[in-house]
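The analysis underlying the following values was restricted to heavy atoms, covering all of them including side chains, and did not include hydrogens, waters or symmetry mates. Letters A, B, ... are given to chains in the order of the sequence lines, protein chains preceding strands, and every chain is numbered from 1.
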Amino acid sequence: MSTQIYDHKTIEEKWMKSWEEQQLFQDEVHKNPQQSGSSGSARSARDDSADLKTVSAESKPTKEKMYLLFAFAYPSGAGLHVGHVESKTALDILARYHRMNGKQVFFPVGWDAFGLPAENYAVKTGVHPAITTKNAIDTFRGQIKRIGISYDWANELATNHPEYYKWTQWIFLQLHKKGLAYRGDGMVNWCPSCQTVLANEQVVNGHCERCGSEVIQKQMEQWFFKITEYKDELISGLDEVDWPHATKLQQLNWIGKSKGLAIDFMMQGSETKLTVWTKFWETVFGTTFVVIAPEQFRDMNLMDQVAESHRHTVQTYIDQSFKKTEEERKIGEKEKTGVDTGLKVINPVNGSAVPLYIADYVLMNVGTGVVMGVPAHDDRDFEFATKFKLPIIQVVSYEDKTIDRKVAEAEMSFEGPGKLMNSGNFDGLDAWHDGKQKMAEWMIKQGFANWQTTYKLRDWLISRQRYWGAPIPIVYDPSGAAHPVKEEHLPWLLPTDVEFKPTGESPLTYSKEFKERVEKLYGKGWRPEYDTMDTFVDSSWYFMRYLDARDKNEFATREQLEKWLPTDLYMIGPEHIVLHLLYARFFTKFLRDEGYLSINEPFKKMRHQGMIMGPDGKKMSKSKGNVINPDEVIEKYGADTLRVYEMFMGPIEADKPWSTSSVVGIYRFLMRIHQLVTTNIEALQSGVATSPAPELMRKLHLTMKKINDDIPALKFNTAIAAMMELLNVWEQAGKHQNTVAPTLDVDSLTSFIQVLSPFAPFLAEELYQQVKSGQQSVHLSQWPSFDEKMLVADQLVVVIQVNGKLRAEVTIPLSDKDEKQKVIELAKSQDKVKPWLQDKTIVKEIYIPGKLVNLAVS
RNA sequence: GCCGAAGUGGUGAAAUGGUAGACACGUCAGACUUAAAAUCUGAUAUCCGCAAGGAUGUGAGGGUUCGAGUCCCUCCUUCGGCACCA
């Protein structure tokens, strides 16, 4: 037996260094595969730029492209997490697999480096975010290299680099030119702890996504991106992409398209029109009051019409509701509140005058912000009517008369189907079918109603009163009017002379240099916009910048964008399903409309990795003390073990608990491979003849086929299990031979090492170099193909069932595979089968060739 | 409340409608060792049985089928998302 031991540390450090020196996989994005050896890179061909037809006619790519994208990572000070290892390794396996299969693979890396944690740290310690961020990136980079991720480091980027945010600002200016970046005034979500505005998407259950503080409403002037311009396309585009079903649904849900009827109610005694929006217009005859959201009331300036006697109570109520937090207003509020305006509105269907209330259970953002109160058939309206002693009119009756009685006696509301009543000419019609349809037709014909589709999606608020972000490229003239920063002044540099104090004002207000810069460039009395952009802006286009990360003239060349987009696989955590993806899709569509791209959707295929939980099955967190540090695992067992273990844990998309003891099993597996392969190599090198057992060769080829099927399907766990099975068979085969004899020949050994190499790149490289004695890297070698002929066994095991229950099995020669009658007769003659057929009639005989016989008896 | 995903041994899990539990961990027993660790070998769904074997078994209950973890219906539970959405 071999005396070599599996010294993972030496092996891994050796090859990490060697790959670094060889610059494997660097700047693949600019290589032109069919011009091997020539200096004519895609980059230098940029001069005759825009004409795509010429370019594509010349290039005739011989290699299929494969753009693998890993979710943009924030370089936190905590360093690499085992969760990062999982998704990075999964993509790395694909990258290595596709390269070996002759594809041109682009697998870039970068840093979503702007953001709050670094700034908060600066507030606490005074260390500049640029320093914190750089240190964190250095740590991550080292750790990633240590686990052997084959990133293209030549195109690494970071969003805080001026050469990156120059183009973030440039995109802002393009949006501004088209009126899609605008200054808006309105209520915004304000986090009192972070001292900043938050997008709707960053408010979770009324709390700040970052720090958990309760979010309050505040009125401010802010910059918005008009994402709603693309709302319908953001829906229809989902049909083009291969994403998890649940992800698409969540996006749809967020956009919240909903078709309803807008019905006009006229104010009694004035020309003011109040439009309600509803999906349940069939109950309109049951309207006994109308409710308006406080904001809507203010925006419509309705106070003028309120009688003097009511003004004070109305104003008090409005003031109070504006002070409420989101939390109080939405979920926390148990009891309905509201105030009677004293005004009356006319229900257009029957001319009845009903009171107008203001109540904050009606939300400004939903529909028109005005609701018809139908207490008999809506829980919330019922609750409100009960509290304010408003009448309840039932307009839908149900077969179950106890329910009708309860509705009639104001004990409950009823939202189910039934027959219309108290609804004029519509009485007796089915409320959810004929009634609904005929009533809509009638109302529209009468001219007081119209179809109206509403959306939940709001424009994207991008202003942040923070330091560590890309400055919004806007300057204000002495009159306060906003002007875009001129493109030649980009990058619009983030000043460095600031103090980190959470005052509620943007830290950039305190920069002397910033103000002087603006006055110098634009004139006396001009001032800069002090807010920075939401970091989601940075991450909405990074996958484009990767394609030309060092380009000084464009955000990326047309040629590169055309060649590489859309991304072929995007691996991203389920937490980014709504925000980031929506924004990135919006940017893509905008840049397409500006003529820079020709794709509609940036991410063709997307998958989500699951979360790795602590050994206790709970989410890892410092406070629970259940965090697994990848560095410690690497130190003890090596990066290959860490990689293979994480891939073996279970399906990539599932949440899985860490099991410290299971890691050892993987270490044993790699150790046994090392042992067996080095023993074989030694034996081969000593010139001992080989005659691999047919069963072993068959297993090898079956394994190769399995891995070939499993890797593109992202089923890494079963691919690894297949290698383990092979190893078991292989070891058994070795036992029947003289221990010094090799059990596989050089080619078979090589194939095995090659299919192992995406999973355990260090060990595979070491073994490959030993068996091929100093040839090129295994990772540059050609993926081995399996032999179909080798997959077929000369004997088949057929299982025999009686009435679907397993009773026996027989072995038949391959030649009898299709001899249905012969096999069935053989099955019937088995001793284990006969008793089950005794005194029974066979009513059906099923034969699945080479697999199964089922005899149905009665 | 609405939408989605998922329920399989002690654990992580596997299974184009065709032998449920591959593979691995753990556990038990054995080998090696003064001993331990490491390593190796074997057993390991549950129940009955010395065994051969039999019965049961993929959250529950129905259904389709020669045959269901897988397909259909009705529930239950857990997790994720949305939520005073009119």
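Looking at the side chain of A:Gln250, the nearest of the listed nucleotides B:G81, B:A86, B:A15 is B:G81. Comparing B:A86, B:C82, B:C66 by their closest approach to the side chain of A:Lys844 singles out B:C66. Listed nucleotides: B:A24, B:A86, B:U16. Nearest to the side chain of A:Lys851: B:U16. Nearest nucleotide to the A:Asp360 side chain, out of B:C25, B:A86, B:C84: B:C84. Closest contact between the side chain of A:Asn717 and the listed nucleotides B:A15, B:A86, B:A13 involves B:A13. In this structure, the nucleotide among B:C85, B:A22, B:G18 sitting nearest to the side chain of A:Ile846 is B:G18. Closest approach to the A:Ala721 side chain among B:A22, B:U56, B:C85 is made by B:A22 (side chain taken as heavy atoms from C-beta onward). Here the nucleotide nearest the side chain of A:Leu852, chosen from B:U19, B:A24, B:A14, is B:U19. Comparing B:G4, B:C40, B:C84 by their closest approach to the side chain of A:Arg672 singles out B:C40. Relative to the side chain of A:Ile848, the nucleotides B:C85, B:G18, B:A86 differ in distance, and B:G18 lies closest.
The base of B:C84 lies close enough to the side chain of A:Lys336 for a donor and an acceptor atom to sit less than 3.5 Å apart.
Judged by Watson-Crick or G-U wobble contacts below 3.5 Å, the nucleotide B:A22 has no partner. Base pairing annotation: B:A38 forms no Watson-Crick or G-U wobble pair, as no partner gives both donor-acceptor distances under 3.5 Å. Pair check for B:C71 finds B:G63; Watson-Crick or G-U wobble, both atom distances under 3.5 Å. Nucleotide B:C84 forms a pair with no other nucleotide shown, judged by Watson-Crick or G-U wobble geometry with both contacts under 3.5 Å. With a 3.5 Å ceiling on both atom-pair distances, the Watson-Crick or G-U wobble partner of B:U77 is B:A6. Remark: B:A55 base-pairs with B:U46. Criterion, Watson-Crick or G-U wobble with two distances under 3.5 Å.
Summarising the geometry of A:Met439 relative to A:Trp281, their closest heavy-atom pair is SD-O, 3.6 Å, with the distance given to 0.1 Å. A:Asp379 approaches A:Glu415 most closely through the heavy-atom pair N-OE2, 2.9 Å. Here the closest heavy-atom approach between residue A:Tyr455 and residue A:Arg458 is recorded as O-NH2, 2.7 Å.
One interatomic measurement links the two molecules: CD1 of A:Ile673 to P of B:U39, which rounds to 15 Å at whole-angstrom precision. What separates CE of A:Met613 from P of B:G80 is a distance of 8 Å, to the nearest Å. The nearest whole Å value for the distance from the NZ atom in A:Lys257 to the P atom in B:C2 is 24 Å. If you take CZ of A:Arg668 and P of B:C40, they are 7 Å apart, rounded to a whole angstrom. To the nearest angstrom, P of B:U11 lies 16 Å from CG of A:Asp616. Rounding to whole angstrom units, CD of residue A:Gln251 and P of B:C82 are separated by 13 Å. Rounding to whole angstrom units, NE2 of residue A:His576 and C1' of B:G80 are separated by 16 Å. Distance, A:Trp658 CH2 to B:A24 P: 19 Å, rounded to whole Å.
Comparing B:C76 with B:G12, their P atoms are spaced 25 Å from each other, to the whole Å. On the P atoms, B:U78 is 22 Å away from B:U70, given to the nearest whole Å. Only the C1' atoms considered, B:G10 is 26 Å distant from B:A5, to the nearest whole Å. On the C1' atoms, B:A37 is 10 Å away from B:U33, given to the nearest whole Å. Spacing between B:G80 and B:C84 at atom C1', rounded to whole Å, works out to 22 Å.
Within the 4.0 angstrom heavy-atom criterion, no nucleotide atom of any strand lies near A:Gly367. Among the atoms of the strands shown, only primed sugar atoms or phosphate atoms (P, OP1, OP2) are found under 4.0 Å from some heavy atom of A:Met671. Within 4.0 Å (heavy atoms only), A:Phe648 reaches at least one base atom of the nucleic acid. Residue A:Leu249 is classed as a sugar-phosphate contact, given heavy-atom separations below 4.0 Å to backbone atoms only. Within 4.0 Å of A:Trp836, counting heavy atoms only, lie sugar-phosphate atoms of the nucleic acid but no base atom. Heavy atoms of A:Asp381 sit nowhere under 4.0 angstrom from any nucleic acid atom. As judged by a 4.0 angstrom heavy-atom cut-off over every strand, A:Pro651 is placed among residues touching the sugar-phosphate backbone only. Nucleic acid contact for A:Ala856: sugar-phosphate only, since backbone atoms but no base atoms lie under 4.0 Å from a heavy atom of the residue. When heavy atoms are screened at a 4.0 angstrom cut-off, A:Gln801 is found touching base atoms of the nucleic acid.
A heavy-atom distance below 4.5 Å is found between the side chains of A:Val798 and A:Val853. Within the 4.5 Å cutoff, the side chain of A:Gln251 has heavy atoms near those of the A:Trp243 side chain.
Sequence order on RNA chain B of the closest nucleotides to A:Asn253 and A:Thr368 puts A:Asn253 first from the 5' end. Between A:Val664 and A:Val797, the residue anchored closer to the 5' end of RNA chain B is A:Val797, taking for each the nucleotide with the nearest heavy atom.
The ring of A:Phe384 has its center closer than 6.0 angstrom to the ring center of A:Tyr357.
No cation-pi contact links A:Lys699 to A:Trp730, judged by a cut-off of 6.0 Å to the six-membered ring centre and 45° from its axis. Both the sub-6.0 Å distance and the 45° axial angle are satisfied by A:Lys336 relative to the ring of A:Tyr361.
Taking a cutoff of 4.0 Å between a charged side-chain nitrogen and a carboxylate oxygen, A:Glu86 and A:Lys656 qualify as a salt bridge.
A sub-4.0 Å separation between OP1 or OP2 of B:A15 and a side-chain N or O of A:Lys715 is present.
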